[in-house]
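Report on one structure; see the data block that follows.
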Amino acid sequence: MRIAALYDIHANLPALEAVLEVVREARVDRIVVGGDVLPGPMPRETLDVIGSLDMPTEFIIGNGDREAAAAARGPVGAVIPEFFREAMKWNAGELTGNDLQTIDNWPLTKELTIDGIGRVLFCHATPRNDTEIFLKTTSDEKLRPIFDSLGVQLVVCGHTHMQFDRIVGRTRIINAGSVGMPFQDAGAYWALLGPGVTLRRTAYDLERAAARVRATAYPQAAQCAAAILSPPTEQATLEQFKNA
């Protein structure tokens, strides 16, 4: 079984379309969408695409999905930074009742057995919750209490939008990176699993994608388009997150 792990799409539909084209060419058997489909500039279109994929697809929830669904039912959560609340409210307004029910049913984790790898646990941030931040630079001492007891061969995570591949105790951990909002070189990042582990980066037409984003009603369309063309560097992001 070959699995494509697609994380942190953030409603960047052009990036998702480019990755799905490669996924189909790779004859993947199953897709795992690893959370944070939302928020972003094309939430309605992105949900429609991932909801109608012509191959088996598993979903887990991310903090962005959870907060967008919560905002559709009431005020935008206090954990959302002030500068992003209008954009989150706009995303929430794009959700239907069926969307909310679907998101509510996405689990925190998903475990699958993959030939050549063994037991694989998919989570958004860590297996404990969808918000914890850890990086390729986080010490093993801090991480072993989280991962040692899982009894799996591989954990696949996302959330921080930067790919890595490391061993913590007895557990291999990869970050699949972000399809739609990477904090590293421009492109769409994901992972291909089975029988090995391959961290992938898919190039796509950034200028055209930015133009499509700017044409939306998304309140932060200009900022999002700029980030597609010139995302934050990995080193700058590691510095920003180092105390998280």
Side-chain angles (χ1 to χ4, degrees), residues 5-12 15-16 32-44 46-47 50-51 57-95 99-111 121-136 138 142-143 146-147 155-164 173-184 189-191 218-220 223-224 227 231-232 237-238 240-244:
L6 311 185
Y7 277 64
D8 296 287
I9 298 166
H10 282 287
N12 180 344
L16 175 62
V32 174
V33 178
D36 278 13
V37 175
L38 311 171
M42 302 178 189
R44 175 74 271 134
T46 301
L47 286 168
I50 66 167
T57 307
E58 309 279 354
F59 296 87
I60 58 175
I61 197 164
N63 58 304
D65 310 311
R66 179 171 50 77
E67 292 291 350
R73 296 183 167 109
V76 175
V79 299
I80 304 302
E82 182 68 34
F83 75 89
F84 195 69
R85 290 181 184 176
E86 183 184 2
M88 182 63 86
K89 185 176 179 180
W90 182 85
N91 268 260
E94 295 290 294
L95 301 180
D99 294 330
L100 298 179
Q101 185 176 13
T102 296
I103 292 170
D104 287 345
N105 288 330
W106 290 348
L108 183 65
T109 65
K110 180 72 180 182
E111 185 177 318
L121 182 72
F122 297 85
C123 61
H124 181 66
T126 74
R128 302 193 301 195
N129 61 60
D130 59 20
T131 57
E132 282 185 306
I133 291 173
F134 77 98
L135 310 166
K136 67 180 184 181
T138 305
K142 291 182 179 179
L143 297 178
I146 301 173
F147 294 99
V155 174
V156 183
C157 63
H159 187 51
T160 60
H161 300 204
M162 294 174 286
Q163 284 183 337
F164 63 70
I173 304 170
I174 68 165
N175 189 305
S178 173
V179 170
M181 192 188 294
F183 297 158
Q184 47 195 139
Y189 293 77
W190 55 288
Y218 184 49
Q220 293 197 349
Q223 297 96 314
C224 183
T237 305
L238 288 172
Q240 181 181 356
F241 282 174
K242 67 181 180 181
N243 294 322

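Quick caveat, the model's predicted, so the values are computed rather than measured.
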Inset, instruction - Just say parallel, tilted or perpendicular for the rings of Phe59 and Trp106, cut-offs at 30° and 60°. - result: parallel
Legend entry - Any residue meeting ring-ring contact (aromatic ring centres under 6.0 Å, His included) with His161, in chain and number order, not counting sequence neighbours: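 Only His10, Phe183 meet the ring-ring contact (aromatic ring centres under 6.0 Å, His included) criterion with His161.
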Legend entry - For Phe134, ring-ring contact (aromatic ring centres under 6.0 Å, His included) partners two or more places apart: Phe147, Phe164
Mind checking side chain to side chain donor-acceptor pair (under 3.5 Å) for [X] and listing every partner two or more places apart, or none if nothing turns up?
X	answer
Gln101	none
Asp65	none
Asp130	Arg66
Tyr189	Arg201

What residues form a salt bridge (charged side-chain N to carboxylate O under 4.0 Å, His left out) with [X], not counting sequence neighbours?
X	value
Lys89	none
Glu111	Arg119
Arg44	Asp48, Asp99

Are any side-chain N or O atoms of [X] and backbone N or O atoms of [Y], one a donor and one an acceptor, separated by less than 3.5 Å?
X	Y	answer
Gln184	Gln163	yes
His124	Gly158	no
Thr138	Leu135	yes
Asn91	Gly40	yes
Glu67	Pro39	no
Ser178	Asp8	yes

Would you tabulate the side-chain donor-acceptor contacts of residues 68-79 under 3.5 Å, counting partners in other chains and residues two or more places apart, or write 'none'?
| from | atom 1 | to | atom 2 | distance (Å) |
| --- | --- | --- | --- | --- |
| Arg73 | NH1 | Asp104 | OD1 | 3.3 |
| Arg73 | NH2 | Asp104 | OD2 | 2.6 |

Inset, instruction - Over all heavy atoms of both residues, which pair between Gln220 and Phe84 is shortest? Give the atoms and the distance, please. - result: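 Answer, listing the atom of Gln220 first, then Phe84: OE1-CD1, 3.4 Å.
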Legend entry - Distance-minimising heavy-atom pair for Trp90 and Pro43: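 Reported closest heavy-atom pair: CZ3-CD, 3.5 Å.
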Inset, instruction - Only counting residues at least two apart or in another chain, list the ones meeting side chain to side chain contact (heavy atoms under 4.5 Å, CB included) with Glu132. - result: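 For Glu132, the residues satisfying side chain to side chain contact (heavy atoms under 4.5 Å, CB included) (neighbours in sequence not counted) are Thr126, Arg128, Asn129, Ile146.
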Inset, instruction - Evaluate the criterion side chain to side chain contact (heavy atoms under 4.5 Å, CB included) for residue pair Tyr7 and Ile60; output intermediate values, then yes/no. - result: CA-CA 10 Å; Tyr7 277 64; Ile60 58 175; 3.9 Å; yes
